[in-house]
Amino acid sequence: QVQLVESGGGLVQPGGSLRLSCVASGDIFSLSAMAWFRQTPGYERELVAQITYGAGIYYDSSVKGRFTISTNSAKDTVYLQMDSLEPDDTAVYYCQGTLPGSYVWGQGTQVTVSS
């Protein structure tokens, strides 16, 4: 069993930066990929960035060049570094882990970009 806990959200002005963290606990060796999604009221949850262990990294076109997904050396924490934030980045951000035959989600953290 794996559990994910996100943190690092908050209020930031346009052009500012935030770094989100997702800490994994439990059978973390069963995780084959980690991803960040975001969701705003009335819209479907959308994929922002994904790192597949031993394979590669994917970014949505809306964040490419501004966001960076990474892991620590122990592979128990996934980060989303968000730079040059825009009002359209405002959303609840969720961490997702890929398990054999299923996914696990964190509780979400609110990011608000506003002046």
Enquirer: If two hydrophobic side chains count as joined below 4.5 Å and joins carry through other members, does W105 share a cluster with Y79?
Expert: no
Enquirer: Side chains of V48 and F37, heavy atoms from C-beta outward: is any pair under 4.5 Å?
Expert: no
Enquirer: Are L80 and V5 connected into the same hydrophobic cluster when the rule is that any two of I, L, V, M, F, W, Y join if their side-chain heavy atoms are below 4.5 Å apart?
Expert: no
Enquirer: Write down the atom of A33, the atom of Q50, and the distance for their closest heavy-atom approach.
Expert: CB-NE2, 4.2 Å
Enquirer: Quick one, L4 and Y94 - any side-chain contact, counting heavy atoms below 4.5 Å?
Expert: no
Enquirer: Give every residue pair that meets the side-chain hydrogen bond (donor to acceptor under 3.5 Å, both in side chains) criterion with at least one member in residues 27-37, sequence neighbours excluded.
Expert: none
Enquirer: Under the 3.5 angstrom rule, does the side chain of T109 hit a backbone N or O of G9 as a donor-acceptor pair?
Expert: yes
Enquirer: Would you say I69 and Y59 make side-chain contact, with heavy atoms under 4.5 Å?
Expert: yes
Enquirer: Can you name the closest pair of heavy atoms from L18 and L85 and give their distance?
Expert: N-CD1, 3.9 Å
Enquirer: Just so I know, are the side chains of E46 and R38 near enough to count as touching, which here means a heavy-atom distance under 4.5 Å?
Expert: yes
Enquirer: Can you check whether T71 reaches T77 side chain to side chain, under 4.5 Å on heavy atoms?
Expert: no
Enquirer: Do the side chains of L47 and V63 join up, straight or via other hydrophobic residues, at under 4.5 Å, putting them in one cluster?
Expert: no
Enquirer: Between S115 and P14, which heavy-atom pair has the shortest distance, and what is it?
Expert: N-CD, 3.7 Å
Enquirer: In terms of hydrophobic clusters joined by side-chain contacts under 4.5 Å, are Y58 and L20 together?
Expert: no
Enquirer: Is there a side-chain contact between V111 and D89 in this structure, where contact means two heavy atoms from C-beta onward sitting under 4.5 Å apart?
Expert: no
Enquirer: Would you find a donor on one side and an acceptor on the other, under 3.5 Å apart, between the side chain of E6 and the backbone of Q107?
Expert: yes
Enquirer: Test of understanding: with side-chain hydrogen bond (donor to acceptor under 3.5 Å, both in side chains), list the residues that count as partners of Q81, not counting sequence neighbours.
Expert: D83
Enquirer: Give, for atom CD1 of I51 and atom CG of L31, the distance between the pair rounded to the nearest 0.5 Å.
Expert: 12.0 Å
Enquirer: Would you say the side chain of T90 lies within less than 4.5 Å of the side chain of D88, judging by non-hydrogen atoms?
Expert: no
Enquirer: Apply side-chain hydrogen bond (donor to acceptor under 3.5 Å, both in side chains) to R19 and list each qualifying residue two or more places apart in sequence or on a separate chain.
Expert: none
Enquirer: With heavy-atom distances below 4.5 Å as the criterion, would you say the side chains of P87 and S114 are in contact?
Expert: no
Enquirer: How long is the span from the CZ atom in R66 to the CG atom in D60, to the nearest 0.5 Å?
Expert: 9.5 Å
Enquirer: Using modelled atom types and a 3.5 Å cut-off, is there a donor and acceptor pairing between side-chain atoms of T112 and backbone atoms of L11?
Expert: no
Enquirer: Starting at OH of Y93, measure out to OG of S7 and round the result to the nearest 0.5 Å.
Expert: 15.0 Å
Enquirer: For the backbone of D76 and the side chain of N72, can you confirm whether one donor and one acceptor N or O come within less than 3.5 Å of each other?
Expert: yes
Enquirer: With the 4.5 Å side-chain cut-off for hydrophobic clustering, are M34 and L99 part of the same group?
Expert: yes
Enquirer: Counting heavy atoms not belonging to Y53, are there more than 12 under 6.0 Å from its OH?
Expert: yes
